[in-house]
Every structure is written in C-alpha cells, then in structure tokens.
Protein chains: 2
Amino acid sequence: MTVPNHFELIGTDGAARTGRLTTPHGVVRTPAFMPVGTAGAMKGLHWREVRDAGADIVLGNTYHLMLRPGAERIAALGGLQRFTTWNGPMLTDSGGFQVMSLAQLRKVNEQAVTFRSHIDGAAIELSPERAIEVQRLLGSDIAMQLDECVRLPADRADIERAMQLSLRWAERCKRAFETAPDGYMLFGIVQGGDVPELRHASAQGLIDIGFHGYAIGGLAVGEPQDVMLAMIEEAAPILPAERPRYLMGVGTPEDMLEAVARSIDMFDCVMPTRNGRHGLAFTQYGPINLRNAKHADDPRPLDEESDWPSARTYSRAYLHHLVRSSETLGAMLLSEINIAYYQRLMRDIRAAIAVGQFEEFRLRTRAAWERGDIAAR
Amino acid sequence: MTVPNHFELIGTDGAARTGRLTTPHGVVRTPAFMPVGTAGAMKGLHWREVRDAGADIVLGNTYHLMLRPGAERIAALGGLQRFTTWNGPMLTDSGGFQVMSLAQLRKVNEQAVTFRSHIDGAAIELSPERAIEVQRLLGSDIAMQLDECVRLPADRADIERAMQLSLRWAERCKRAFETAPDGYMLFGIVQGGDVPELRHASAQGLIDIGFHGYAIGGLAVGEPQDVMLAMIEEAAPILPAERPRYLMGVGTPEDMLEAVARSIDMFDCVMPTRNGRHGLAFTQYGPINLRNAKHADDPRPLDEESDWPSARTYSRAYLHHLVRSSETLGAMLLSEINIAYYQRLMRDIRAAIAVGQFEEFRLRTRAAWERGDIAAR
C-alpha cells in the first residue's frame, strides 16, 4: 500500500529545498524550525508569541505528556492542539529519546522499553504500539516511530544492534499507525550512529517499509559538527526526494544553515529557549551573552535592525539587569527573541532558496556571524 | 510654603472616593491598584500586559534597585520609566521596609539605617536624605519618606519610638525633596502600629510638615483585618480630604474593598503575582486554587464572564497541568489573570462610586466571593 504524500516541493537550489507540508491542523512552510513545547507549554512564551514569531509547527514531548497530564486525559480534552490552545500543526517525538535521558531503571528488550517515571517512580512500558497509541491520543499531526538512540561515541556493534532494533520497531509502528485518519503522518527515523554503511542500511530499510517522511536521528548527541554533516550526506541521497526530511534535535543557527545546504527540511531544538533562560541571545551578529558586564550601561537595543519588537525595544542594559537579577522577564524576552531569530532565519532561508540565491545567503549570513557583535560602548 | 496638590477628587459616595492624580508621566485614576515591579520588572508579565490589564501606575522597590543595577546607573540610562520601557507613572517606596525584611546586620540610629546588601554583603547606609536622593535618581513620580516600620504585635514603647523617629525622618525627607522639579511628589507615612493615639499623633505630625499625599504604613504586617480597618478609621478622618491616601502593602481584594469604603485611594501588593506563581487565581468567585485535583479534567475556563482573554481562553485542566508541572507559562498566565482581576475590581469600584452605588457594589461583590467557585464537573 502506497503511503500518501502531503509534502510539496516548491523549489530547490543546489541540494537546498523549500516546500509545503500540509497537516490536518495547517500548512508548514519548509525549511521549518519547530520550537519545543516540552510538556504542553513553551518555556517563557505565550502561544501567541510563538505564532507571531512565525512558527508554523511546534514539537511536543510524548514522554513528558504521557506521564503528566496523561495521553488519555489530553484525548478527552480534545487533543494537544486544543488543550494547549496552540491549535496549529504539532509533531510529537516517540518518547524513546527522553526515556533514555530522563527515566530511571530503563531496560530495552525486543518487545519494548520499560522504565520508571522520573516524576513518581511508576513502572511504565513503552512499546512501539503504545508509542503510536499515545501519539494518536495526543492527536499529533506528525508522529514519530519509537527508536533506540545510541550516544556517540559508541561501539559499532552497539550502534548496529540499536539500528536493527529500531528498524523492527519501525515496522511495528507502521502497522500500529495503519488505522490513523487521512492526513496524519508517521515518520521513520534513520539511525546508524557515525557509521556510513549503517546509515545506508537504516535509510534503505525504512524506505522499504514506507513512511510519510523521514527523520535523521541519533545526531547532535555529542559528536563534532563535521561528523553530523557527513552523516546527513550519507543518508540524504538515499531518501526519496519527494518526502520531507527532518533532522532531529538540531541545532545552532549554523548547524541548521549547513543542514539545509544538505537538503534538510525540518528541525527542532530546545536551544533558543534554554539558552535564552541562561542569558544568551541569538542575533545576526552571532550569539550574544547578556550576562557579560560590558552590557551593563549600554542603552542600545540588542539589534536595532531586527524585525522582532523586543530585540529593538529593550536596552542591552535592561536585558543585562534582568538576566543578572534572575527576573522571569529576562528569560521571557530572550526566549522569544531567540525563537523569533530562528524563525526569521528560516524565513530568509526559504526566500533565498526560492530565488536561487541560497549559497550567497549562506555565505553572507556566516560572514555576519563571524564578524561578531557591534563594538561595546 | 504650601505643597502643591496634584490630586483632583471627582466624586465621593459615603467615605469612598474617586479621583485623578496627575503625575509627570501621566494620570492615575483612583482608587488605584499599583502592581509591584520589584527590581524593575513585573514577575511573569510583559509591560504591555500590565498596561492592557488597566494599570495606570506601578511600584518599584528602592531597596532592590539601589543594590542592583544601582540608582546612578538607572539615572544615566534615563530613569526607571525609560529603563524598564514602562514609560508611565511610577511610585517608589523608600527602601526602609525591605531593609528591615531582607538585609543583614541592619542597625537603626537617629542618622540612618545601616545594613549589608543581601546580594553581595556590601555595607550600605540609607539615611532619609539618601532615600530621597535615590528615588530622585530613579525618577519616580511619587517618592516615599524613609520610615521605620514595626512588626505587630509590638510593645507600645517600641511603636512610639519608631513613630517619632519616622516623623523626624519625614521632616528631613521633606527638606531633601525641596529641589525636586514641579509635578514630582513626596508622600509622608502615618505610623503608630495598632495604637489609636499614636496614629493620631503621627498623622497630625505629618500634616504639620506638609506632603503631596499621605500613606498609612505599618499595616498588613501580621495583624487581623479588623485591626487594620480600625487603624484606617483612626487615621483617615485626620488626613486632609483633598490629598491622596495610600494604604501600603495591601492586600486581598476584600481588604481593598473595605479600605476603599474607609476612604483609601491607592494600594500596592505583591499578592496577585506571588499567589499567581503558586497556582492561586483571584476571580469573581473568590480565590481558586488551580493546584486542586478537581480541575484536572475540567474543560471550562477559569471565568467565562471575565473581560480578560486569558481567563476565558485556557481550560482549568490546562492551567492545572501547567501549575502541577511548574511550567513558567502557568505562573505567567495566573499572574496576568490576577493583575487583570485587581485592575478590573478597581475599575468597577471607580464606576460604582461615580454613580453613587458603591455600597450596593460592595455587598454584591462580597456576596459573589462568598458563594465561591462554580461547581466542579
């Protein structure tokens, strides 16, 4: 049975692509950055700010949501889009990655991963079938297969075992998803660590099963950027050109720019909100640490050329004071400024690809980051 | 020399009053509730939300601001209104109250209070003259005299000593304020604990010195509500009717309603934001604890009749989830909902006084609070 395709490729420029992915809750313009709303909320942002910043789609974490408030409860309340009031496209991960990083006493076998909740210690089993059931209860527009992600560096044997297990789980997820209503999507996840042949085998195995889209997982887990980019280069040419490609958990603005140059369509990362909470702003001048004392008396805004009001309205001195005083408003402002910067970067990338000037844009943007911040006053 | 009066009494209804206080940064409609922006920020709220909620004026804490980022720095950056981007009327306290509650190794003598900063341990002297200098550097529209506030219960001798010291400090503050530009105001503070004669003496002493307005201080510091209301009743009739009256650090919606009935014009309190951070919402049904399990599956909004969008938009189930998960958005939403409720209450109080129906309004509002929340579903 052919899997329907909801992705439309609008233009390409070299390997870079721009397109439209149509979900039950709306259209996603690609390349797209998905802000991470971990437990049904975006830390420090109102939903209207996420939308105003230009995000078409957000990511929810199945692990957090299944533990609290619970998938069945969210389903009874009308699904995650309605529960949160976001009401737009949502992608959920499978929960597997966070079981590995957060849960206690986790044990992986052929059937499932079992673990204890980090909230109340309850024993929980997450099988491929349950991962799909939970994501369907949440009502996510795009569900992810359950996989096992190995931290790098790792032995080849470990990487291969996890990749093969992930392929068998991919098949079970596909079967569990068969009764999903039209328009909802399931993505397979290419694993294989930093071993090219394993990436090839994983990608080919997933294509043989057939998914709405394909993610590249198990990267941005500690390896150098060149390894990450090399693994994208291994996997991407094998993937069907007409399907969306999602690089999971990535990354910095530079990571995303380079991944787009290698044909990636979708990204997610906690970096804009997490770094914002720690006083770091992403700007056209590269990252700026507002905690730095040089900002204490600077009346200038973060970036007077920004199209995001908060980046123009507040002085660096005020942002510095808020960060140093641990005022919530500091985390709120820097998180929204960062989400807006990520979305602006995606918008500019899409526009550059559409007019065939992506390479010029890439070089110009990198050069501006490398020049660094405006001189201290 | 007569102190100019910037307060216009528009209407009275029984003892309740409504008026307009004109400051260099704008007009304040009274009765007014001043949200507390402790260290130059309102915890969990954007400044636009404070304004949209209907606040005309906010309060800044001199103690926090003088320690960080420093009064001279804020002056160099154009004053507190511009530094924060609030750009509207601001009242600052004198710093004295928080020296008593937060600073280490504090020592009060005739000259000043000396203490060590709770941030870095620096030794600091706060005299009446320095308290005024700091507030003028901050650029506050309304400065408060330095006083000594005694926690109740206390010995009469202690209360009297602190009240007399506060009167002498009031005189020194008045002299230090004499060179302030036109339009800026200085308020004296009636002290005297729970002893009627001392309240009378304090009020009369302040009137003899002469201030732009008069505050009643040293209440809401642990005494029962009836003691607080009795002390207002002692002090208020002595105060000049044409001057604004500010009850410091108060309070619950009920406290404010009863104080307005006793002629108070201005209030400030951290309760709407602090309680919001702890999961408590103020509503027309009285306070509602969103942490309570009965809200977990409730799809209804907090108050579908509210004119504040967030009180109508989000389900109780979602707010409950955010509070239980310690998501920042929960604190943000409940803080703004509470600030908006306080402002709505003030708006309705002003309207009721203007049409001579304050007593009906007071009884109706109290009855609604006493009926309590809508039934759980």
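Letters A, B, ... are given to chains in the order of the sequence lines, protein chains preceding strands, and every chain is numbered from 1. A quick note: this is a predicted structure, and the numbers were derived from the prediction, not measured.
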Quiz item: Does the side chain of B/D297 come within less than 4.5 Å of A/R73's, by heavy atoms?
Solution: yes
Exercise. State, to 0.1 Å, how close A/A317 and B/L77 come at their nearest heavy-atom pair, and which atoms those are.
Key: CB-CD1, 3.5 Å
Quiz item: Measuring heavy-atom distances to chain A, does B/T85 have an atom under 4.5 Å in its side chain, in its backbone, in both, or in neither?
Solution: side chain
Exercise. Give a yes or no answer on whether the side chain of B/H321 reaches the backbone of A/L65 with a donor-acceptor pair at less than 3.5 Å.
Key: no
Quiz item: With respect to chain B, which residue among A/L333, A/L45, A/T38 yields the maximal number of heavy-atom pairs within a distance under 4.5 Å?
Solution: A/L45
Quiz item: Using non-hydrogen atoms only, which part of A/E72 is less than 4.5 Å away from chain B: side chain, backbone, both, or neither?
Solution: neither
Quiz item: Side chain, backbone, both or neither: which part of B/H46 has a non-hydrogen atom closer than 4.5 Å to chain A?
Solution: both
Quiz item: Which bit of B/I119 is near chain A, if near means a heavy-atom gap under 4.5 Å: side chain, backbone, both or neither?
Solution: neither
Quiz item: Taking all non-hydrogen atoms of both residues, which atom of A/R68 and which atom of B/S325 are closest, and how far apart?
Solution: NE-OG, 3.2 Å
Practice problem: Check whether B/R48 gets within reach of chain A through its side chain, its backbone, both or neither, counting any heavy atom under 4.5 Å. | Solution: side chain
Quiz item: What residue in B/R82, B/K43, B/H64, B/M42 has the most heavy-atom pairs under 4.5 Å with chain A?
Solution: B/K43
Exercise. Considering only heavy atoms and a distance below 4.5 Å, find which of A/P299, A/G70, A/G44 pairs most often with chain B.
Key: A/G44
Practice problem: Determine the option with the most heavy-atom pairs under 4.5 angstrom with chain A, choosing from B/G40, B/S315, B/G78. | Solution: B/G40
Practice problem: State, to 0.1 Å, how close A/A41 and B/L322 come at their nearest heavy-atom pair, and which atoms those are. | Solution: CB-CD2, 3.6 Å
Practice problem: Inspect the surroundings of CZ in B/R274 and state if more than 12 heavy atoms from other residues, nucleotides or ligands are less than 6.0 Å away. | Solution: no
Exercise. Heavy-atom distances under 4.5 Å only: say whether B/A296 touches chain A with side chain, backbone, both or neither.
Key: both
Quiz prompt | A/H320 versus chain B, the contacting section by heavy-atom distance below 4.5 Å | solution = neither
Exercise. Give the minimum heavy-atom separation between A/L329 and B/W47, together with the two atoms involved.
Key: CD2-NE1, 4.0 Å
Quiz item: How are the rings of A/Y318 and B/F83 set relative to one another: parallel (under 30°), tilted (30 to 60°) or perpendicular (over 60°)?
Solution: perpendicular
Quiz prompt | B/A76 versus chain A, the contacting section by heavy-atom distance below 4.5 Å | solution = neither
